[in-house]
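Please read the structure below before turning to the comments.
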Number of protein chains: 2
Amino acid sequence: MAQEGADEPPELTSSTGFLLARLGAESRRRWARMLSERGLSPHHFGVLMALDQHGETHQQRLCEAIGVDPRNAVPIFDTLEAHSLIARTSDQTDRRKRAVVITAAGRTTVDELRRTGAALDHDLLAGLTDHQRTTLHRLLLKVFDTIVDSNHSTITMPAQPADRSAASRT
Amino acid sequence: MAQEGADEPPELTSSTGFLLARLGAESRRRWARMLSERGLSPHHFGVLMALDQHGETHQQRLCEAIGVDPRNAVPIFDTLEAHSLIARTSDQTDRRKRAVVITAAGRTTVDELRRTGAALDHDLLAGLTDHQRTTLHRLLLKVFDTIVDSNHSTITMPAQPADRSAASRT
DNA sequence: TATTGTTATACTCTATAACTATA
DNA sequence: TATAGTTATAGAGTATAACAATA
């Protein structure tokens, strides 16, 4: 288990995965409260964020990104489309798939929410230094890659670099 | 944002809190599946773990430890008591409170589950080195302390050092 | 036959309101 | 009045089964 310094905390929560679940619930709770003021849920924001970063994709990849079963995702996409934050079209190469794109309004919304969310991060990570926050984020990203890769055999998102620059802000 | 090396991943999930929520859900999902085979939920395990580490406490402190509203915690304690994994008695100094203790069977169970959970951790954190896992765990613990302290004004668990040694195992 | 998206449904978890008993 | 625990209930989130359209 690799010996650290001597200031290792007793235990409190011996399993990292369980501690992750505990903190994740707390974080989601705060996000949900903030987002509910705009009629959105964490899943809605997750879809917008994934679309904003990766550009057009189909629903199943988005479901994987936000960790929601496709069976439960339909109402999520419906709501986003009803709010004109995304648009769904039929994929021409494979008509089973529905291509999803973020709209200009969706892009504005996700940028707004991201800024507001930064305040939540600030509170949540108040006990960490800037360097520790960066380290934590980097490690969590690595874990994220692991679970996405393990669910399917080889999937890492198409990485179609949506012309994000067109909506340059701030 | 403190410049790291140059191998910083693009973004994927810009908010640490949101990424935490995403990974926490995945982790909880895996724990839930493992625990369901024994008729338990993540909350049940959380209670047992907190009791095993901190000894006797009352219900509200346990609720805070596992992040569950006291209103939703009653069935959790009831189930644990029905399985004889915990025992509830009336606190003599304040008869409103119900003192909760872990039983010998509960201690055996939590040790078993902790070992089984280690396999889950291994899979979940497969992308990290041992050192990175230790770092991640330490950072998450710090965040945990932050949110517990922020919810109430000053609470850090009584730290009554239950005679854990009596159940020495392995 | 396998995959994408969908519907219906049941189940779990969480949040809101109000009540009892103790302090 | 405030707190610990409880109950009832509605809502959000998640899992199970089955289906239509397309590949």
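Labels below follow one simple rule: chain letters A, B, ... track the order of the sequence lines, proteins then strands, and each chain is numbered from 1. This one's a predicted model, so the numbers in the text were calculated from it and none came from an experiment.
Distance NZ (Lys97(B)) to C1' (dG5(D)): 12 Å, rounded to an integer number of Å. One can place CG of Asp69(B) at 13 Å from C1' of dT7(D), the figure rounded to the nearest angstrom. Atom-to-atom, CZ of Arg96(A) to C1' of dA2(C) comes out at 8 Å; the value is rounded to the nearest Å. Note: CD1 (Ile76(A)) to C1' (dA15(D)) measures 14 Å, nearest angstrom. Atom CG of Asp91(B) and atom P of dA21(C) are 19 Å apart (whole Å). Rounded to whole Å, atom C1' of dG13(D) lies 19 Å from atom CH2 of Trp31(A). Per the geometry, CZ belonging to Arg95(B) stands 14 Å off C1' belonging to dA4(D), to the nearest Å. Protein atom CD of Gln60(A) is 13 Å distant from nucleotide atom C1' of dT22(D), rounded to whole Å.
Among the heavy atoms of the strands lying under 4.0 Å from Asn72(A) is at least one base atom, whether or not backbone atoms are also near. At the heavy-atom level, Arg33(B) lies nowhere under 4.0 Å from the strands shown.
With distances taken from any side-chain atom of Ser41(B) to the nucleotides dC13(C), dT6(D), dA23(D), the minimum falls on dC13(C). The side chain of Arg71(A) has dT16(D) as its nearest neighbour among dT16(D), dT14(D), dT6(D).
For the pair Gln59(B) and Arg29(B), nearest-nucleotide mapping onto DNA chain D gives the more 5' position to Gln59(B).
With hydrogens and angles ignored, the 3.5 Å screen pairs a side-chain donor or acceptor of His44(A) with a backbone N or O of Ser41(A).
Regarding contacts with the backbone of dA21(C), every side-chain N or O of Arg98(B) stays at 4.0 angstrom or more from both OP1 and OP2. The side chain of His43(B) contributes an N or O atom lying less than 4.0 Å from OP1 or OP2 of dT14(C).
Between Asp123(B) and Arg30(B) there is no salt bridge, since no side-chain nitrogen of the basic residue lies less than 4.0 Å from a carboxylate oxygen of the acidic one. No salt bridge links Arg61(B) with Glu64(B); every basic N to acidic carboxylate O contact stays at or beyond 4.0 Å.
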